[in-house]
Structures are given as C-alpha cells and as structure tokens.
Amino acid sequence: MIDYKKYTLDNGLRVIIHQDKSTPMVAVNTLYDVGARDEDPNRTGFAHLFEHLMFGGSINIPEFDTPLQMAGGTSNAFTSNDITNYYDTLPANNLDTALWLESDRMLSLAFTDKSLEVQRSVVIEEFKQRYINQPYGNVWHLIRKMAFKEHPYKWPTIGKDISHIEEAVMEDVRAFFHKHYGPQNAILCIAGNVSYESTLEKVKQWYGDIPERTRYVRNLVDEPKQTDYRETEFSADVPANALHMAFKMCGRYDEDYPVYDLITDILSRGKGSRFEKSLVREQQLFSDVSCYVTGAYDAGLLVVSGKLKDKVSYEAAELAVWNELKDFISNGIDDQELQKVKNKYESAKLYSDTNVLNRAMNLSFFELNGSASDYTHELSRYLNVNTEQISQISKRVFDKKACSLLRYKKA
Amino acid sequence: MVRSVAPELSVLETVEVIKPVELKLPSGARAFFIDGCLENIAQIDLVFEAGSKYQTRPLQAAITAAMLLEGCSGRKGVDVMDELDGYGAYIDVSTDYDRLTLSVFSTVRSIEKVLSLVKAILEAPNFEQENFDLMLSNKRQNFLIQSEKVSTLARRRFYKELFGNHAYGKLATIESYDHLSLEDCKTFFKDVIKRSELTCFIAGKMTDNNVQLIESCLSDLSLGSNVQERTIDQLPDHQGSQHHIEKSGVQTGLRLGKKSIRRGHEDYAATQVMVTALGGYFGSRLMKNIREDKGFTYGIGAGLVTLDHAGVFYIATEVGNQYLNQTLLEINKEVEVLQQKNIPEEELFLVKNYISGSVARSLDGAFEQMDKLKTVHYCGLTMNYYNDYLKEMRNVSAEDVMLMAQKHLNPDTFIQITAGEATK
C-alpha cells in the first residue's frame, strides 16, 4: 500500500506528497498535461521540442541543470503523445533546489534565441539518430499515419517531418508556454525521504505565487470507428522483412485496459507464451514476434510486431498470425494460463514499485485522470480479470476490419 | 523568497551501505545476502567465472549461456519456461567479457520451486541440435539488424582494435554464426562453466527465515566445487590508430578511447573526476560544447569501464555527417584544455557533488546495492569502498585533475573509429 497526501494550491497546482523513510533520496516529478496530441497539425513535434527548451534557462536562473547537479541531483524528461513529464532525483535534504528550479521554469522561461536555435539543431540530430539512421526507424510514422485518420495520434512525438522543427519560431514557443505550462495544467509529485508538513510549506513557498493562467480545454476529435482493413507496404535497406499489425483498443484509464494488457502477455510475454511456442518454435516463421499495447490515454493501439525469417513469405507469416488469433478467440483460455500472466504481472509490479521515482511517476499519471489512489488499486484490477473478459475483449479487438497492417520490406 | 539566489546546499559526505551477510555453501561457493526491501521478493544472481574471455571461438560463451534456457533433464525448454512463468518468476542468463550470470527474480513464496528448476537448468541442460540451430539463425538475423546501426559498428570495431589478440578479442562477426557448433557449447559448459568459481548474490527481504530458506535451496548445488584455476594476462598497451567504416546514412558513429586504469587503482578517484568533467554527465564539457552550444549531436559521453584485465576509457557519440570534422577538433580541444588548465574550483565542486549524488542514487535500494556489491567484489574490494571513494574524491584537487588528464588522456594513443558516410 502506498501512502500519500494530496493538496491543491489556489492557483490550481495539484500536489502529491509520498513519504518513504527508507531512501536517502527524493524524486520530484512534474507532469504537464500536454503532449503531441495537442499540437497544431502543421507544427508537429513541437511539444517535444518545447521539452528541450525547458532546460534552456528560466526567468531567474540562467541554466537548469547546473544548480541541480551542484546539489547532487540529476534530471530528465520525456514527451509522449499524451503528456510531458519532467523528473529530478537528488539527496532528500536538497529538495529546495529542485523546487526552486522547477517552480521558476513554471513561472516563466528565459526564451532566449540561442536556446531555440541550438535545441532545434539538437532535436534534428535526435530525429536523425532515432528515426532516420536506424533500421526500421520510421516504422511508427507509417503505422500511426495508417491507423489514425482524424485523431492527432496520427503523428509521432518527434513530429511528422524535420521541416516542422526547422520552422519553429520564438512566437510559437511563447504561445505554447502560456497555453500549456501554467500551474493549473500540472501535477507535482514529491516522493522520498521528506515530511508531509514541511514539504507542503516549501511547495507553497515556491509555487504559491505563480499565477494561474487560462485553463486549456482539450477538444480533440475522436478517431472514427475503423471499419476497413488497411495495409501499407514500405521498402528500405533493412536485413529482414518485418510485419506489424495494429488493432484498435480502449484508452489507458478505461476499465478494460488491464484485460487488453493481459491479452498481450498471454500472446507474447516470455518463452512460454503462445506466439513464441507456435510462431517462433514450432512453425519457425518469425525470428522474433511480440504483442503489446501502446498505453495511449485516448483510444489507442494493440500491436503485433515480428521479423520474418529468411525465405518465409508474408502470406505464410500473416496466415499463421491470423490462425493463432482465431484459435485464441474461438477457444479462449483456461484459468491456469490466465493465472500465469497475472503472477508475472504481480511480481514485475512489486519490483518496479521498489523504486521511488517509479512511484512518483505513477502517482502523477493516475492523478491526471482524477485520482492518484487508482494507482494503489491497479494490482487488484489486474488480478480480478477473468477468462470471460479475456474472451470477450479478444473477440472485439482482433477484428480484421479494424486492422492496419504494415509490411516493412527488405529492399 | 529570492528566486535569483540558489537555496543553501547540503553536501553529501557519506552514503549508507548495507552490510551483506556472507555464507559459505557446501560446494564451496560463497553467498552474499542483502536485506533491504519491504516486499517479500528476492533476486538471486548466480555468477560464474565463465565470461567470453574463456571461449575458444566467438559467440561460444553467449550461445552456451542462452542454451541453458532451452530445456533440462529431458524436459523441453518451453515447458520449463512455462513452469517458471506460472510462479511469476523471471529468469535471464547473460555473459560479459569476464563472467556468466544467471539471474532469477521471484516472490519468496515461490522461491523453493523456482530454485529447484534453476538447479535442474544448471545441472543438466539439454543441448539439443534443433534448438541450437533455431537459436543461432534467429540471433544471426538480429546481429544483421544491429549491424545497420553506426553506433554498433563503431563500438564493435573499437573493441576489436583495442583487444587485438588478447583473450577479450574473440569478437563475433557474421561469419561466427556459421562456425559455432553445438559441440562448442557442450564443451564450454563442461570445461568452463562447470569448473568455474561460483558466487551467489541475493537481495530482497532477507529475514533470517528467508536467508535460511534460500541457503538450504542452494545447499545441494554441485556447481562451484571442482574449480579449475585459469590465468589470463593483462591487456598489453597499444598504439594510437584511426579507422573508418563506410556506411551510408545521415549520421556518423564516433568512438574513441584507449586502455586505461581500473577501479581500485590509486589514480582512479581523480581520473573519475576528470572523466566526469569531460563527458560523464549532462553538464559535462563535451555536452556543453558539442550539444548545448553547437547542436551537432543528440548526445555525447565519456566514461571509464573496469574489466578484470583492463580498464577502458572511451568517448562516444553520433553526429550529423557534416559536423564530424568539427566534432573531432572540439573533442581534441577539450582534452587539451583539461591537460593545460586547472579546472575552476566551482566546476570541480559541482562534479564532486554530482558524483556523490550519483553514488547515493546507485545505492538506493537492496537490488541496487546488490549490483554495486558485485562491482566491488570483482575488484577485490568490499562495500566500504564507496565511502572511502567519496572521501578520496572530495580531496581531489584541480592540480590532480590536470595531472590525470596529462597522464591518462594522451591523444597519440587514442584508437579512433568512425562509422558513416565519408564527407567529400
């Protein structure tokens, strides 16, 4: 059981404090409720570029990282399609340093031209390093474009195209900050060797005077229900043919989410899983095949991804996957097979929860949907899934008419 | 409240280390138990002196290790894995240059059953041809995919040039996948793994009862007895050299470095401070210059690696092809500055604080402490090392840093690898 206390400041900042006396450290996690889904379709990649700019100095502090490192701390951040999350860990008695830095960049950035110029270039190199100069690097550009026609999940967080990053100007940066980086749009979680009362006092001291800004109301188009089977082929200089099949599923906070997640575990988690046994070992069609959920907050994707062995045709590989899914849908699973993946989920979760930063992040993620306490119920939600639900959801999800299939071919 | 002034800092002088409980198993193997977790879970790492340095041909150690999970005592691998899955356990076997590690994670309530399977895996692995062939062909495909990455190409070539004919040097190429046989794996298991020293590292909720339970589970393990002593020479010194691997693309992978000192060497603390200042953290000189000032790369780093028979210093990055030459000039410049100018006191203080914080972070939790125990154990040190190290590091002066840069960063001895599209 994870104990925590929750407060809301007058400016709308939601604050979660979680005490753990067993660690000498403290984690400070700041989640901003903005992701790539909130971007202008002609300025994609902006939320992520902005994340880089958050390290380029704030109104009263020329550099973010230097003072934090001076305090023995380290910091990083990530941007997803849904959120932008910043995290610092440092020795607990230097908590003030992190709050000083984080609150100052929430108050206002420095908005220097140099920072924008350099980070544009850094992000372009990141685009090259991770999405162009890697085998299969653009696979998510292709899948998203095919699977989403309306919803902004149709582009990845790095952006549709390098040109969008090249064209970013300071005016966009200022507007983005004012629209999305106010205290009313953020969740601050402090977890570690701290006391509740003095930490709350510190938070009030550092964040209390940041003015609330206009509340951004997200109003995204729902992705229309997919009723047509889609496929795309792409050729590149890669050593092996790859296959991806994306299916539509519910959002991260939906009550069915654990069912989808456990379905992917049954199919591909570990060497004893169905895909591994059948597709890799018995039929020897794939060198590697996996099934996973993307964890998107709005309705997202459940994906089957595999690398075909040499001389195996796409026809044979796809047929085998469909047969495997058909068998799963029509015959269902027994309690024992379900219990197996629940046990694995439980031990992995116990392990992951030993880390104080993981707890801080998870408390923030669940608070975003209204209640951090859902995090403490997460395990029981998984353990309560029954075979009937697995059967029902698998029939719903593995529908060929709602499948987007990508053949990433060896040129 | 004044926002323009940093809050007062408290400097971290010491870290808390958990003293491991050490027991000797009947086979002669040593077992270290680290207690420090609230949940009733345990990670057990069985570490064998059976790394790739003992192999007679490339891939032999790694593939033998992977074959251990392909069934035992006549049972099929998937059935064994299925049973482990049923207990919610995770198992993994890995090798590095020096050692082979079988790592298992489980709840304590399943630990007896899990360890009884682990023992079967280690005592009587199957080694069947069909599984071997399938594994090799799948791993071969993955090797080809990894070979598309300029960072991988540069790293592999760097170690090839660095290690040369030393025992560390039997590195895999695509041809290695055609030359390894199942016999090679059986031989490696029989002659190396079964005859190597075994040390067990166990972390989690280690109450007296849990320690007793795990000890009794491991007590009939025959491995770790009948140990054969093997000696391997230290890596000899090398000359500087430059190598290019042509590979079309938009970025070039760059790796340069040299043989260096190991953890435990009298210069280590000062050298670690110097390398950290150069490229060991986000605010390092290389990051500040090449990423945060010029925007040539997404990231650049420098570090020290300690192996049993060599230390390694390296700098690694991926840069836009058009920036390669400038990046090389800037790296040289930064090395020269470290050799010729005293590091400013404020930067030195920052680096020391950063290192203290990193050490504390890396020791935060029982599983993390276990990881660090393995690190020091194989350098012939104990967990007291970390506080000794912090103390020694605090005493490093600006002159020491400059001296270490002169002594350990001579660019004439650098091996430099570039992998990418040569710019015209």
Side-chain angles (χ1 to χ4, degrees), chain A residues 22-25 60-61 65-67 69-74 89-91 93-94 96-97 100 104 117-122 125-126 128-129 132-135 205-206 238-240 270-272 276-277 280-281 284 287-288 307 309-310 336 339-340 343-344 346-348 350-351 353-356, chain B residues 1 3-4 6-7 9-10 12 15-16 36-39 41 69 77-78 81-82 84-90 105-107 134 137-138 141-142 144-145 147-150 249-251 281-283 291-298 318-320 349-350 353-354 356-358 360-361 364-365 367:
Chain A
S22 73
T23 168
M25 311 300 286
N60 297 295
I61 310 168
D65 282 286
T66 306
Q69 288 156 354
M70 188 65 97
T74 184
T89 53
L90 69 168
N93 44 17
N94 286 333
D96 263 313
T97 305
W100 168 62
D104 203 55
E117 186 198 326
V118 168
Q119 293 309 318
R120 250 192 325 238
S121 177
V122 169
E125 290 307 320
E126 180 180 358
K128 290 184 199 164
Q129 183 173 323
I132 298 175
N133 224 36
Q134 292 292 329
Q205 182 199 337
W206 289 114
V238 289
K271 289 201 175 190
E276 177 76 21
K277 275 186 195 165
V280 177
R281 292 191 173 257
Q284 307 195 358
S287 69
D288 176 58
K307 300 267 170 6
K309 297 200 65 152
D310 290 348
Q336 200 193 340
Q339 193 57 47
K340 188 175 81 172
N343 289 348
K344 290 207 89 167
E346 182 177 10
S347 53
L350 289 174
Y351 189 84
D353 282 355
T354 61
N355 182 292
V356 71
Chain B
M1 175 193 51
R3 286 198 178 269
S4 51
L9 286 186
S10 101
L12 192 78
V15 284
E16 266 193 53
C37 174
L38 299 172
E39 302 290 352
I41 48 182
L69 301 185
V78 281
M81 289 304 155
D82 239 0
L84 276 171
D85 281 353
Y87 304 134
Y90 289 81
F105 172 77
S106 163
T107 55
L134 181 63
S137 88
N138 290 347
Q141 191 182 71
N142 186 258
L144 284 174
I145 292 169
S147 304
E148 291 296 305
K149 302 178 182 175
V150 291
V250 291
Q251 281 191 327
Y281 70 118
F282 191 86
R291 175 178 143 135
E292 291 297 297
D293 184 54
K294 305 205 171 57
F296 291 168
T297 180
Y298 178 48
E318 284 151 80
V319 296
F349 185 55
L350 187 154
N353 288 353
Y354 176 78
S356 311
S358 302
R361 212 173 358 262
D364 189 12
F367 304 113

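These values consider heavy atoms only, across backbone and side chains, with no hydrogens, waters or symmetry-generated copies. So you know, we letter chains A, B, ... as the sequences are listed, proteins then strands, and number each from 1.
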Looking at A/Lys277 and B/Asp82, is there a salt bridge between them, counting it only when a charged N and a carboxylate O are closer than 4.0 Å? yes
Chain B contact via A/Asp353 - side chain, backbone, both or neither, heavy atoms under 4.5 Å: neither
Ring centroids only, cut at 6.0 angstrom: are B/Tyr90 and A/Tyr351 within range, meaning strictly under it? no
Name the region of B/Phe105, side chain, backbone, both or neither, that has any atom closer than 4.5 Å to a heavy atom of chain A. side chain
Under 4.5 Å from any heavy atom of chain B - which part of A/Val118: both
So, the part of A/Thr354 with a heavy atom under 4.5 Å from chain B: the answer is side chain
Please look at B/Glu16 and chain A and tell me whether the side chain, the backbone, both or neither of the residue comes under 4.5 angstrom of a heavy atom of that chain. neither
So what's closer than 4.5 Å to chain B heavy atoms on A/Val280: side chain, backbone, both or neither? both
Is it true that the side chains of B/Ser4 and A/Asn60 contain a donor and an acceptor less than 3.5 Å apart? no
Under 4.5 Å from a heavy atom of chain B, the part of A/Glu276 involved: neither
Heavy-atom distance under 4.5 Å to chain A: side chain of B/Phe296, backbone, both or neither? backbone
Side chain, backbone, both or neither: which part of B/Val319 has a non-hydrogen atom closer than 4.5 Å to chain A? backbone
Which atoms of B/Leu12 come close to chain A, meaning under 4.5 Å heavy atom to heavy atom: side chain ones, backbone ones, both, or neither? side chain
Quick check on A/Asp104 against chain B: is it the side chain, the backbone, both or neither that has a heavy atom closer than 4.5 Å? both
May I ask you to say whether A/Lys344 pairs ionically with B/Asp85, meaning some side-chain N is under 4.0 Å from a carboxylate O? yes
When the 4.5 angstrom heavy-atom criterion is applied to A/Arg120 and chain B, the contacting part is neither
Turns out that what part of B/Asn142 lies under 4.5 Å from chain A's heavy atoms comes down to neither
Is there a side-chain contact between B/Tyr298 and A/Val122, using heavy atoms and a 4.5 Å cut-off? yes
Can you say whether B/Ile41 sits under 4.5 Å from chain A via the side chain, the backbone, both, or neither, judging by heavy atoms? side chain
Look at A/Lys271, A/Met25, A/Lys128, A/Gln129 and state which one has the largest set of heavy-atom pairs under 4.5 Å with chain B. A/Gln129
Side chain from CB out, backbone as N, CA, C, O: work out which of these in A/Glu346 comes under 4.5 Å of a heavy atom of chain B, or both, or neither. side chain
Under 4.5 Å heavy-atom distance to chain B, tell me which part of A/Pro67 shows up: side chain, backbone, both or neither. neither
Go through the steps to decide whether B/Asn138 and A/Lys309 satisfy the test side-chain hydrogen bond (donor to acceptor under 3.5 Å, both in side chains), and finish with yes or no. CA-CA 8 Å; B/Asn138 290 347; A/Lys309 297 200 65 152; 2.9 Å; yes
With a 4.5 angstrom heavy-atom cut-off, could you sort out which part of B/Ser356 is near chain A: side chain, backbone, both or neither? neither
Applying side-chain hydrogen bond (donor to acceptor under 3.5 Å, both in side chains), run through B/Arg361 and A/Thr89 and close with a yes or a no. CA-CA 8 Å; B/Arg361 212 173 358 262; A/Thr89 53; 3.3 Å; yes
Side chains of B/Glu148 and A/Gln134, donor plus acceptor under 3.5 Å: no
Where does A/Asp96 contact chain B at under 4.5 Å (heavy atoms): side chain, backbone, both or neither? both
Measuring heavy-atom distances to chain B, does A/Ile61 have an atom under 4.5 Å in its side chain, in its backbone, in both, or in neither? side chain
